[in-house]
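Worksheet for the structure shown next.
Here is how names work: the chains are called A, B, and so on, in the same order as the sequence lines, proteins then strands, and each is numbered from 1.
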2 protein chains.
Amino acid sequence: MPRPSEPTRERIIQAANSLFYSEGIRRVSVDEIAAKAGLTKRTLYYHFKSKDDLVAAYLSARDQPNLALFRKWFAEAEGGLPVKVEAIFKNLARSARHPKWKGCGFLRTSAELANMPGHPAIRIGAAHKKKFEDWLRTTFAEQGIADPLKLARQILLLLDGSFAVVLLHRDASYMETAGEAARTLIETALGKPRRKQG
Amino acid sequence: MPRPSEPTRERIIQAANSLFYSEGIRRVSVDEIAAKAGLTKRTLYYHFKSKDDLVAAYLSARDQPNLALFRKWFAEAEGGLPVKVEAIFKNLARSARHPKWKGCGFLRTSAELANMPGHPAIRIGAAHKKKFEDWLRTTFAEQGIADPLKLARQILLLLDGSFAVVLLHRDASYMETAGEAARTLIETALGKPRRKQG
DNA sequence: TTGTGTATATTCACTGGTTAGTATACATAC
DNA sequence: GTATGTATACTAACCAGTGAATATACACAA
């Protein structure tokens, strides 16, 4: 049965997404992904030239939706810059309490493939995080922050740190702690009246 | 040739440490570890009951030396609390610039085994990070910080975030950025005169 | 309207290699 | 002569990737 093709490719990526995210890259076989997508391995290899290619496609598919979600959380929060950034962490904490949550797919892939520095999937992950950093930097610059790049990187460090720590301890409250730290850093950069954090 | 035994077990752990850290858990076979340790797989299985057991031993062996190193960097730095904590990040940045550096073994293992939440290695990693958090908390409490646990967790988030980010981008300067953020947070908690960070 | 060629899409069956773990035997020390 | 420790050789499963064949849709010719 020919002629689905685009939907087929999409189905494969969805299956890969589900399995790679929940089980890890090297743990999941191409056969498993094909089975989950409801087709044979040989068909999968018609659409993707290798497993590595599929891993890259898996992360590419997560790029835009992920960024859009962060921007949405930021936009929806009512208040100043510190409040809006903190809202990202609060929403992330809510996500992290779902049982199927398993951290950040980009970071977990880069950790698992750390022995292959040039792997396409790692480049895609790095580009994704850079996009987020750029968005933060631009946003901070518009608000008159003196060193917007530095602040953007500090927030990113807290964000990725909370992915790692919450995954290890399975305790989403660390994300709220990260949000408070982010607020303190932003307020300091804004030159707001000092307050003991809390 | 019998009777080495303790040294043999140690040699196996050293081989596992070297291979698991640089290549990842699932990528490395038990055969490879045995070969690197200079013995057969059957001998390895005399000393460890399974690969999972060996993975746990690998992380256990990293626990104390790792903590000792952080304490040493902290103790050796001359200055107040913010300077001493920032020194940890500066030393870490130096380590991260070495070509064989591949992030934090505990975090990378927890990322790779995220689909096995009860795995012994993950529990060992969580305990390791808790020990570090406790040490920071105690240190901060001794310095009269109002909420030492919160500050300890914030520093830990920056630390683990820098492991993740530097591994992804292969840019150790993020660790110095994390150190500056840590300094800002500590100064805020101490109630020091406000300063735009930098 | 009907026949036919071709690119697209899919399947079955296979290969060569790897892997965690084990059954059995052997060697050494005390 | 028994505990301990090591090696040889094996199993049963898994896995990334491929060779060869086949089925469909569609363009175009008759």
For this session: Sort out the partner of dC15(D) for me: Watson-Crick or G-U wobble, both distances under 3.5 Å, none otherwise.
Result: dG16(C)

Problem set entry | Between dA20(C) (C1') and Asp53(B) (CG): distance, integer Å | 14 Å

Problem set entry | Paired nucleotide for dA3(D) [Watson-Crick or G-U wobble; both distances under 3.5 Å] | none

Exercise. Between Lys51(A) and Leu39(B), who's closer to the 5' end of DNA chain D by nearest nucleotide?
Worked result: Leu39(B)

Exercise. Between the base of dG21(C) and the side chain of Lys41(B), is there a donor-acceptor distance below 3.5 Å?
Worked result: yes

Exercise. Separation of Tyr45(B) atom OH from dC10(D) atom P, in whole Å?
Worked result: 19 Å

Exercise. Once you round it to whole Å, what is the distance between C1' of dT18(C) and CZ of Arg26(A)?
Worked result: 14 Å

Exercise. With the threshold set at 4.0 Å, does a side-chain nitrogen-carboxylate oxygen contact exist between Lys100(B) and Glu23(B)?
Worked result: no

For this session: Would you indicate which nucleotide in dA16(D), dT19(C), dA20(C) comes nearest to any side-chain atom of Glu32(B)?
Result: dT19(C)

Exercise. Taking the side chain of Ser29(B) as its heavy atoms from C-beta onward, which of dT19(C), dG21(C), dC15(D) lies nearest to it?
Worked result: dT19(C)

For this session: Look at the rings of Tyr58(B) and Phe20(B) and say which category their plane angle falls in: under 30° parallel, 30 to 60° tilted, over 60° perpendicular.
Result: tilted

Problem set entry | Between C1' of dG5(D) and CZ of Phe48(B), the distance in whole Å | 14 Å

For this session: Flag the pair Glu180(B) and Lys150(A) as a salt bridge only when some basic side-chain nitrogen lies within less than 4.0 angstrom of an acidic carboxylate oxygen.
Result: yes

For this session: Spell out yes or no: do the side chain of Arg42(B) and the base of dG5(D) have one donor N/O and one acceptor N/O closer than 3.5 Å?
Result: no

Exercise. Asp31(A) has a side chain; which of dC15(D), dA7(D), dT22(C) sits nearest to it?
Worked result: dC15(D)

Problem set entry | Phosphate contact (dA7(D) OP1 or OP2) by Thr43(B) side-chain N/O below 4.0 Å | yes

Exercise. Should His47(B) be listed as having a side-chain N or O under 4.0 Å from OP1 or OP2 of dT6(D)?
Worked result: yes

Exercise. For Thr8(B) and dT6(D), is the shortest distance between a side-chain N/O and OP1 or OP2 below 4.0 Å?
Worked result: yes

Exercise. To the nearest angstrom, how far is Arg27(B) atom CZ from dT19(C) atom C1'?
Worked result: 13 Å

Exercise. Salt bridge check: are Lys131(B) and Asp134(B) linked by an N-O gap of less than 4.0 Å?
Worked result: no

Exercise. Roughly how many Å is it from CD1 in Ile33(A) to C1' in dA16(D), rounded to a whole number?
Worked result: 12 Å

Exercise. Who pairs with Phe106(A) by ring-ring contact (aromatic ring centres under 6.0 Å, His included), at least two apart in sequence or on another chain?
Worked result: His128(A)

For this session: Check whether any side-chain N or O of Tyr46(A) sits under 4.0 Å from OP1 or OP2 of dA9(C), and answer yes or no.
Result: yes

